[in-house]
Amino acid sequence: MFNRNSPDALIRAADVNLPPMGRSGAFESEAMPHLNDLYRAALHMLQHSAKASDAVHETYLRAWKAFGEYRHAMDCKTWLFQILFGVVHHEHRSCSKRIDGSVSASQSMQPQEPRFSPNTPDHIVSAMNRVPPDFREALLLVDCQGFSYEDAAEILGLSTDVVANRIVLGRNHLYSELEACRSTLVAAAY
């Protein structure tokens, strides 16, 4: 993962001109506390630590470049996640196009299956992987990252009603999948 104590390494690696120290300190105090949350979300979506690190690096680079225009209209964490989702979706579209040459917009926007900790039971991972990707993405933001419906809507570029609908449908789908797993586990025990 990234070294929290050296956020300037992100900037130097990209050969970006450093702004006045006041902005640098503000960026560090507002943006850097969300580094681990961004990395975990990127890892859930990309399922590869190097790609997740690259996505987070690109997120912070874009945030650094735009920090002067950032007007605190939204929470910094929400703003960073909005950038991260844009980076991940752009990378996924670019990768898909390189593989087969042409991809429909709906295919290119599909996030990868989430990656869970090694301690997560297999039936839970399996059930979550069967939740449709649009619902799973909303669940990741609201239930795993703790965003409000409004913030998740802003990150995903959707209305709050659509996000709320995806959360309800996603939870129902996950509940059904877990019930099916429970029934299977109970039947296997007898």
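Values below: every heavy atom of this structure, side chains too, minus hydrogens, waters and symmetry copies.
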Inset, instruction - To the nearest 0.5 Å, tell me how far L141 CG sits from S148 OG. - result: 10.0 Å
Legend entry - Taking every non-hydrogen atom, the tightest pair across A138 and L156: CA-CD1, 4.4 Å
Inset, instruction - Compare all side-chain heavy atoms of R136 with those of P133 and state whether any distance is below 4.5 angstrom. - result: yes
Inset, instruction - Check whether any side-chain heavy atom of F67 lies under 4.5 Å from a side-chain heavy atom of Y60, and answer yes or no. - result: no
Legend entry - Note, H34 side chain near T59 side chain (heavy atom, < 4.5 Å): no
Legend entry - All pairs passing ring pair (Phe, Tyr, Trp, His ring centres under 6.0 Å) where residues 142-167 contributes a residue, at least two apart: F81-F147
Inset, instruction - Can you measure from CG (N36) to CG (L43) and round to the nearest 0.5 angstrom? - result: 11.5 Å
Legend entry - Nearest heavy atoms of L140 and A41, plus distance in Å: CD2-O, 4.5 Å
Inset, instruction - Can you measure from CG (L80) to CD (E30) and round to the nearest 0.5 angstrom? - result: 9.5 Å
Inset, instruction - Give, for atom CH2 of W79 and atom CG of D151, the distance between the pair rounded to the nearest 0.5 Å. - result: 14.5 Å
Inset, instruction - Say whether, by atom type as modelled, one donor and one acceptor occur between the side chain of E154 and the main chain of Q82 under 3.5 angstrom. - result: no
Legend entry - Nearest heavy atoms of E28 and P33, plus distance in Å: O-CD, 3.5 Å
Legend entry - Of L38, L61, D37, V88, the residue whose pairing with V56 passes side-chain contact (heavy atoms from CB on, under 4.5 Å): L38
Inset, instruction - Measure the spacing between CG of L35 and CE of M32 and express it to the nearest 0.5 Å. - result: 4.5 Å
Inset, instruction - Could you pull out all residues at least two apart from R130 that satisfy side chain to side chain contact (heavy atoms under 4.5 Å, CB included)? - result: S126, A127, E177, C181
Legend entry - Smallest separation among heavy atoms of A153 and V163, with atom names: CA-CG2, 3.5 Å
Legend entry - Exercise: identify the closest heavy-atom pair between A55 and A42: CB-CB, 4.5 Å
Legend entry - F135 CZ to I167 CD1 distance, which is reported to the nearest 0.5 Å: 10.0 Å
Inset, instruction - With the side chain counted from C-beta on, respond yes when Y175 and R171 share a heavy-atom pair under 4.5 Å apart, and no when they do not. - result: no
